[in-house]
Amino acid sequence: GAVVSQHPSRVICKSGTSVKIECRSLDFQATTMFWYRQFPKQSLMLMATSNEGSKATYEQGVEKDKFLINHASLTLSTLTVTSAHPEDSSFYICSATTSGRTDTQYFGPGTRLTVL
Amino acid sequence: AQTVTQSQPEMSVQEAETVTLSCTYDTSESDYYLFWYKQPPSRQMILVIRQEAYKQQNATENRFSVNFQKAAKSFSLKISDSQLGDAAMYFCAYRSANQGGSEKLVFGKGTKLTVNP
């Protein structure tokens, strides 16, 4: 149980375009979803926390107008990287918690974004 | 603010042997959760083990066990009978359990484990 999927697994886009990444909880309802960014050989950096039906809470230094997060249902959250630039190239990971166990985050497989 | 420190950037172990990964943390809270996550080359984060701070008994999951020393703020992971598939980056993480506390995970920088055949 507690499976989280992400789509796409890899995406390559041109500079200036927008990219949407989906995060889905497949077998549970996710009360809270988290979005992380991970640079090579580094730990995960939390970008934002989102609860279904409410605005995401962004970490300090994360541009909310650039990284749009929508948590429209209890099983889906999306991250849209707007006007992407090469420095946005990274590995993006989502995670989710269940209402039954809010203390444990279950992670998606990640999305590798490359901006040319 | 809470911090998590993993002092071993890299560790190696022979297949079938035992290895211990270190983790220390700093917090003023009395109730919290501690986790070890594994990130293999696929980069999928996998929960290895979870410990509730109010429980004195060390958590165990098959070949994985922890040595939780609350007073020392230490949370080491022991992997017994190491297998090639255990090779991965291991992250120690902390989460507050206080009512109204943060839901965020605070991660250490990770320890890269190599398993030698």
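Proteins come first, then strands; the chains are lettered A, B, ... in the order of their sequence lines, and each starts at number 1.
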Check the orientation of Tyr92(A) and Phe67(A). Use parallel for under 30°, tilted for 30 to 60°, and perpendicular for over 60°. tilted
Contacting moiety of Gln6(B), where chain A heavy atoms sit under 4.5 Å: neither
Checking side-chain polar atoms at under 3.5 Å, does Ser96(B) have a donor or acceptor matched by the opposite partner on Glu29(B)? yes
Find out whether Pro117(B) and Leu84(B) are in side-chain contact, i.e. whether some heavy atom of one side chain is under 4.5 Å from a heavy atom of the other. yes
Would you tell me whether Trp35(A) and Ser95(A) have side-chain atoms, one donor and one acceptor, within less than 3.5 Å of each other? no
Would you mind telling me which of Met45(A), Glu59(A), Gln42(A) has the largest number of heavy-atom pairs within less than 4.5 Å of chain B? Glu59(A)
Taking side chain as everything from C-beta outward and backbone as N, CA, C, O, which of these in Gln6(A) sits under 4.5 Å from a heavy atom of chain B? Side chain, backbone, both or neither. neither
Engaged part of Thr32(A) at the chain B interface, taking heavy atoms whose separation is under 4.5 Å: side chain
